[in-house]
Structure formats: structure tokens, C-alpha cells
Number of protein chains: 2
Amino acid sequence: MNETSRAVAIEKAMLLFWKNGYAATTMRDIQRCLDMRPGSVYSAFGGKDELYEKSLRLYSDMVLTNICGNFEVASSAIEGLIQSVNFIIFPNNYRPSHICFLVKSVTELESASPYLTGIALNGLEFVRVELERQIEQVIKEDKNAQKQDKTELSILVQSQIIGLKTMLSLGCSEAQIGGMVSGMIRKIVLS
Amino acid sequence: MNETSRAVAIEKAMLLFWKNGYAATTMRDIQRCLDMRPGSVYSAFGGKDELYEKSLRLYSDMVLTNICGNFEVASSAIEGLIQSVNFIIFPNNYRPSHICFLVKSVTELESASPYLTGIALNGLEFVRVELERQIEQVIKEDKNAQKQDKTELSILVQSQIIGLKTMLSLGCSEAQIGGMVSGMIRKIVLS
DNA sequence: ATTAAACTTGAACAATCGTTCAAATTCAAA
DNA sequence: TTTGAATTTGAACGATTGTTCAAGTTTAAT
């Protein structure tokens with residue numbers, strides 16, 4: 001197993017965990033999905049927990065890379081922030097659930113696995129810090145910006161993102177939610 | 001098993017499902033928690049799915065009863081709405097997770113059990129409709145109210161509630177989140 | 001062609017899963 | 001006290017869980 005097929009395999013496992021959750025995904029599901037025999041999976045990735053951890057890290061890296069990249073090329077800070085939020089809510093690649101894999105992991109595992117929960121929390125905190133950085137830029141650029149604490153603003157934005165993504169799973173249409181994003185961000189960050 | 005001890009048993013099961021999730025809660029966990037033998041559980045409540053369904057319905061009824069009750073006794077509509085939201089975010093009774101049981105159920109089961117997911121979605125829609133009703137009252141009373149569609153406003157409020165509750169599980173302090181509730185509601189509903 | 005290291009295979013393991021049901025027990029009416 | 005129905009019990013079922021490991025296969029250097 002070379003390096004690229006290894007990366008592909010971890011991504012497949014990640015999508016499976018993301019779709020079904022930790023407990024409902026069996027090692028046999030993984031084996032079938034990766035077309036690998038039990039022993040190979042264990043020798044390549046370790047057990048279920050280790051593979052889940054690798055899945056969490058892959059997902060975290062992907063999200064963070066994308067929202068940092070989008071912000072840099074925007075015409076203004078507020079537009080960059082809105083673009084970042086839109087990317088988080090509507091990632092262009094295939095996704096098995098509207099709900100963020102990190103949030104889903106914390107939700108499922110907070111009482112069962114402090115270790116895996118910690119890794120997911122870590123990824124979410126990195127995202128929040130990046131949002132705070134982008135909000136700071138908006139405040140510097142825009143005279144109309146809120147005078148509220150920027151950490152609080154970043155929490156408000158992140159929680160609204162998590163909430164709206166959840167609403168998509170609750171049956172709201174993508175069009176409806178998409179139409180609300182820009183206004184909602186401006187309402188929170190600008191006065 | 002009389003009627004009240006039956007209600008107590010369902011509540012115990014609900015708290016266990018809420019804490020551990022559907023897949024990670026075994027019927028043996030339930031049996032130990034209720035101090036009942038396997039056969040008794042099955043004859044009284046049916047199988048795992050039926051018991052989970054009863055748990056969802058109990059939770060839905062409890063939430064809805066409380067937010068309707070709180071609104072009626074408030075001094076104004078906006079205060080009643082804020083009180084309702086505060087109750088959802090900080091219910092006074094014991095709770096095994098900050099994350100709403102209905103949301104947690106949808107998150108875990110949306111790809112595994114359309115039936116149970118549907119029941120959870122139903123409960124959440126009832127809550128949203130009640131929030132919309134309360135927002136409608138605010139708009140009637142308050143001249144400063146937003147002219148935005150009240151269904152959209154209710155989605156925004158509900159998604160913010162879900163988000164803030166999730167943030168509590170992500171490590172934000174109750175004091176910090178609690179301090180943001182009133183401002184956030186006014187920001188959404190009032191101009 | 002030989003060899004040793006590296007990888008892959010899949011049958012098998014003990015543990016646990018949701019669920020059943022005949023037997024034991026409890027209960028209430030006569 | 002007797003009787004028949006209702007409830008409770010817990011051993012047991014087949015299926016499935018995460019994981020292991022001896023045996024088989026592939027790989028690459030000599």
C-alpha cells in the first residue's frame with residue numbers, strides 16, 4: 001500500500017464514519033468499503049479508534065485549509081468572512097451528512113471517549129480561532145463593525161454555522177438557508 | 001408495574017439513551033438501569049426501537065410543555081421569548097448532555113432509521129412552530145421588530161439555540177453563553 | 001535462482017449484541 | 001384455599017462485534 005492509496009483509504013473510512021457514526025460503523029463495514037482484509041486494516045491503520053482518529057485529523061485539515069484559502073482571495077474582509085461561512089455550510093465536495101463531522105463526533109462520543117472527543121474539539125477550536133482572525137480583519141476594515149468582544153462574536157458566528165448546518169438536516173432547504181447566510185453574518189458582525 | 005413507575009422507567013431509559021446515544025446503549029444497560037429482567041422490559045415496552053420512540057415522545061412533550069408555560073406568565077412578548085430560549089438552553093432539571101436529545105437523535109440516526117428520525121424531526125418542528133408563534137406576538141407588540149418573514153426568524157432563532165447548546169458541549173462556559181442569549185435574540189428579532 | 005523481509009489473507013477467538021420463552025412466581029377473584 | 005390469569009425470571013439463542021495470528025503470498029535485493 002503506497003502513500004496515495006493510503007490517503008484515499010483514510011478518506012473512504014472518514015466518509016463512512018461521518019455517515020454512520022462511530023458506534024454504528026463496524027470494522028467489517030470498513031473492510032468492505034476499503035476492499036481490505038481484517039489483518040491488513042489493522043496492520044495499516046491500527047484498530048477502530050486509531051482509524052477514527054486519523055479520520056478526524058484528515059477532516060480537520062481539509063476544513064481549515066479551505067477556509068483559510070478562501071479568505072485571502074476575497075475583495076473585502078466581510079466578503080471573505082461570508083465566503084468562509086458559506087464554504088463551511090455548503091462544501092462543494094461530496095458530503096454524507098450536513099452536520100459537521102467534528103460536531104457529530106463530539107455529540108456522539110463526549111460521554112464514551114474523552115480522547116477522541118478531545119481531538120474533535122481541538123479541530124473545532126482551530127476553526128473558531130480562524131473565524132476570530134477573520135472577524136478581527138472585518139473590524140479593522142469596517143467602521144460600522146460591532147464593538148462587541150471579537151471572541152464572543154466568533155462564538156456567535158460558529159454557533160450559528162453549527163445551527164444552520166443542523167437545520168439542513170432538519171429539513172430546511174439549501175436555498176432557504178443559503179439565502180439567510182449573508183444577512184445573518186452582517187447582523188452579527190456589523191452594527 | 002403501575003402507571004407511575006412505568007413513567008419513571010421510561011424517563012430513566014430516556015436519560016440513558018440521551019447520554020450514550022442509540023447504538024451505544026445496550027438493552028443490558030437499560031435492564032440494569034431500570035432494574036428489570038430482559039423479558040419484563042420487552043413485555044412492558046417492546047424492543048429497543050419502541051423504547052427509544054417512547055423516550056423521544058416523552059422528551060418532546062416535556063420541552064413543549066415548558067416553553068409554552070413560560071411564555072404565558074412573562075411581562076412582555078420579547079421577555080417571554082427570551083425566557084423560552086433560556087429555558088431550552090438551560091433546563092433546570094437534570095440533563096445528561098447539553099445537546100438536545102432530539103437533535104442528537106437526528107444526528108445519529110438520520111442514515112440508519114428514517115422512522116425514529118422522523119419522530120425526532122416532528123418534535124423539533126413543533127418547537128419551531130411554537131417559537132414562531134411567540135415571535136409573532138413580539139412583532140405585534142413591538143414597533144421596532146424586524147420586518148423579516150417570521151418563519152425565517154424562527155429558523156434563525158432555533159438554529160442559534162441549537163448552535164449555542166452545541167457550543168456548551170464544545171467547552172464554552174454556561175456563564176458566557178448565558179450572557180449572550182438576550183442580546184442575540186434581540187439582535188435577530190428586533191431591529 | 002535463492003533468500004529474507006514485508007505484506008496479505010481469512011478462519012477463528014472470546015465477548016457482547018438484541019431478543020425469546022418455558023418455567024417460576026405473584027396476584028386477584030371466587 | 002383454590003384456581004386461573006398475569007407477570008417476572010434468567011438461561012439460552014443465533015448473529016455480530018473488534019481483534020488476532022499462523023499460514024500463504026508478494027516483493028526486492030543478492
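Quick note on labels: first sequence line is chain A, next is B, and so on, each numbered from 1.
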Completion exercise
So the contacted stretch of DNA chain D, first to last nucleotide with an atom under 4.0 Å from a non-hydrogen atom of chain A, runs from D/dT17 to D/dC21
Handout entry: B/K54 and B/E50 ion-paired at < 4.0 Å
Key = no
Exercise for the section: Please identify each residue that fulfils side chain to side chain donor-acceptor pair (under 3.5 Å) with B/E152, with sequence neighbours left out. Expected result: B/Q148
Exercise for the section: Please state how far atom CG in B/D29 lies from atom P in C/dC17, giving the value in whole angstrom units. Expected result: 7 Å
Practice task
Please round to the nearest 0.5 Å and tell me the distance separating atom OG of B/S105 and atom CD1 of B/I119.
Solution key: 10.0 Å
Completion exercise
To the nearest angstrom, the CG-C1' distance between B/N2 and C/dT26 comes to 15 Å
Exercise for the section: Would you mind reading off the distance between B/M36 atom CE and C/dT19 atom P, rounded to a whole angstrom? Expected result: 15 Å
Fill in the blank from the handout: A/Y42 atom OH is separated from C/dA6 atom P, nearest whole Å, by 23 Å
Exercise for the section: Using whole Å, report how far CZ of B/F45 lies from P of C/dT19. Expected result: 15 Å
Exercise for the section: To the nearest Å, give me how far apart CD (B/Q31) and C1' (C/dT20) are. Expected result: 12 Å
Problem - For atom CZ of A/R37 and atom P of C/dA12, their distance in whole Å - result: 18 Å
Practice task
Would you classify A/G39 as touching base, sugar-phosphate or nothing, given that sugar-phosphate means primed atoms plus P, OP1 and OP2, and contacts are heavy atoms under 4.0 Å?
Solution key: base
Exercise for the section: For A/L131 and A/I161, run side chain to side chain contact (heavy atoms under 4.5 Å, CB included): C-alpha distance rounded to whole Å, both residues' side-chain angles, the deciding distance at 0.1 Å, then the answer. Expected result: CA-CA 11 Å; A/L131 287 173; A/I161 293 170; 4.0 Å; yes
Exercise for the section: State plainly whether the residues B/D149 and B/K147 are in salt-bridge range, i.e. N to O under 4.0 Å. Expected result: no
Practice task
Pick base, sugar-phosphate or nothing for B/S40, based on heavy-atom distances below 4.0 Å to the nucleic acid.
Solution key: base
Handout entry: B/Y52/B/F101 aromatic ring centres below 6.0 Å
Key = yes
Problem - Electrostatic pair A/E136-A/R133, nearest N-O below 4.0 angstrom - result: no
Problem - Per A/R28 side chain, nearest of listed nucleotides C/dT8, C/dG18, C/dA12 - result: C/dA12
Exercise for the section: Give the rounded distance in Å between these two atoms: CE of A/M27 and C1' of C/dT16. Expected result: 17 Å
